[in-house]
Amino acid sequence: MTHEDFLQQAITLAVENTKIGGGPFAAIICKDNKIIASSCNAVTLNLDPTAHAEVLVIRKACQALQDFQLNDCTLYSSCEPCPMCLGAIYWARLKAVYFACNRADAAIAGFDDSFIYDEVPKAPKDRKIAMQQVSLDSAHAPFNAWQAEENKLLY
């Protein structure tokens with residue numbers, strides 16, 4: 001199958017998802033040119049703002065492969081991933097991402113995430129949602145415990 005074929009499947013899933021009350025987004029993850037996971041946006045259905053198609057499909061693919069990294073996998077999305085999904089894609093270590101619509105198309109449809117892109121480079125204190133680091137003597141204890149652990153699995 002071609003990239004276009006996989007993208008068309010994601011688009012079809014996204015259209016079907018709108019008919020059951022979900023958002024107009026879907027994603028597929030393939031390995032060796034075979035679909036190993038697919039998912040649709042379930043933000044409103046699950047009452048979960050993190051239930052984006054890309055995040056959900058990454059979770060499913062990781063479970064299917066029993067691995068927390070998807071190095072040899074490709075993600076196909078009906079739309080360019082938002083900043084949250086982009087972060088998940090990098091953490092999952094996907095080898096490639098193909099998408100149909102872009103962020104401008106999403107904005108026209110009412111899904112404008114440009115405000116998040118604008119917030120990322122700002123210092124925490126300058127963001128629209130108040131963020132402040134609090135200094136505690138124990139703040140580094142989790143990192144110290146991690147570094148001292150001999151049997152940790154690096155990621």
Side-chain angles (χ1 to χ4, degrees), residues 1-133 142-143 146 152-155:
M1 291 183 63
T2 67
H3 298 308
E4 291 82 2
D5 294 329
F6 289 123
L7 280 173
Q8 185 57 59
Q9 287 188 42
I11 290 166
T12 299
L13 286 172
V15 170
E16 291 172 6
N17 198 48
T18 65
K19 295 175 183 175
I20 62 165
F25 304 96
I28 293 170
I29 291 182
C30 298
K31 182 175 182 176
D32 300 326
N33 211 35
K34 292 182 181 142
I35 296 173
I36 59 168
S38 64
S39 195
C40 297
N41 177 289
V43 169
T44 56
L45 295 173
N46 292 358
L47 304 176
D48 178 355
T50 68
H52 289 204
E54 296 89 344
V55 170
L56 296 177
V57 78
I58 287 169
R59 291 174 182 165
K60 286 183 176 182
C62 287
Q63 290 302 305
L65 297 177
Q66 287 297 287
D67 199 343
F68 58 87
Q69 293 184 345
L70 303 171
N71 303 55
D72 297 323
C73 297
T74 301
L75 186 143
Y76 296 90
S77 181
S78 60
C79 190
E80 179 180 1
C82 76
M84 176 184 67
C85 295
L86 184 62
I89 287 164
Y90 275 97
W91 282 118
R93 314 270 196 302
L94 286 148
K95 75 175 180 179
V97 174
Y98 296 88
F99 56 89
C101 290
N102 63 31
R103 66 178 92 163
D105 299 320
I108 291 168
F111 297 92
D112 189 357
D113 54 16
S114 62
F115 71 98
I116 299 172
Y117 286 102
D118 294 342
E119 289 288 291
V120 170
K122 293 180 182 178
K125 67 177 181 58
D126 296 329
R127 294 181 180 148
K128 289 184 179 166
I129 295 176
M131 297 184 187
Q132 182 177 342
Q133 183 176 11
F143 292 133
W146 170 259
K152 64 182 165 257
L153 182 58
L154 297 176
Y155 61 96

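C73 is linked by a side chain to side chain contact (heavy atoms under 4.5 Å, CB included) to I29, K31, I36, L65, L70, L94, counting only residues two or more places apart in sequence or in another chain. A search for side chain to side chain donor-acceptor pair (under 3.5 Å) contacts involving D5 returns T2, not counting sequence neighbours. Remark: K19 engages V15 in a side chain to side chain contact (heavy atoms under 4.5 Å, CB included) (not counting sequence neighbours). I20 meets the side chain to side chain contact (heavy atoms under 4.5 Å, CB included) test with N17, L45; sequence neighbours excluded.
The two residues A14 and A26 have their closest heavy-atom pair at N-CB, 3.5 Å. The minimum heavy-atom distance linking V55 with C85 is given by the pair CG2-SG, 4.0 Å. What you find for C40 and L13 is that their closest heavy atoms are SG-O, 3.6 Å. Closest approach of P24 to S78, counting heavy atoms only: O-OG, 3.9 Å. The two atoms that bring P81 and I89 nearest to each other are CG-CD1, 3.6 Å, heavy atoms only. Listed here is the closest heavy atom pair of I35 and C30: CG1-SG, 3.8 Å.
Here the CZ atom belonging to F68 is positioned 9.0 Å from the SG atom belonging to C62, to the nearest 0.5 angstrom.
Among residue pairs with one or both ends in residues 85-97, none qualify as salt bridge (charged side-chain N to carboxylate O under 4.0 Å, His left out); sequence neighbours excluded. Sequence neighbours left out, the pairs with a member in residues 103-115 that pass side-chain hydrogen bond (donor to acceptor under 3.5 Å, both in side chains) are E80-R103, D112-S114. Screening residues 73-97 for ring pair (Phe, Tyr, Trp, His ring centres under 6.0 Å) gives H3-Y76, F6-Y76, Y76-Y98 as the qualifying pairs, with residues at least two apart or on separate chains. Residue pairs satisfying the side-chain hydrogen bond (donor to acceptor under 3.5 Å, both in side chains) criterion with at least one member in residues 36-51, sequence neighbours excluded, are listed as follows: D48-T50. For residues 51-67, the pairs satisfying side-chain hydrogen bond (donor to acceptor under 3.5 Å, both in side chains) are E54-S77, with sequence neighbours left out. Applying the ring pair (Phe, Tyr, Trp, His ring centres under 6.0 Å) definition to pairs two or more places apart or across chains, those involving residues 10-29 are F25-F111.
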Considering only distance and modelled atom types, tabulate donor-acceptor pairs under 3.5 Å from the side chains of residues 115-131, sequence neighbours left out.
from : atom 1 : to   : atom 2 : distance (Å)
E119 : OE1    : K128 : N      : 2.7
E119 : OE2    : K122 : NZ     : 2.9
R127 : NE     : E119 : O      : 3.2
R127 : NE     : K122 : O      : 3.3
R127 : NH2    : V120 : O      : 3.2
R127 : NH2    : K122 : O      : 3.1

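I11 places a side-chain heavy atom less than 4.5 Å from the side chain of Q8.
For D32 (side chain) and K34 (main-chain N/O), no donor-acceptor pair under 3.5 Å exists by modelled atom type.
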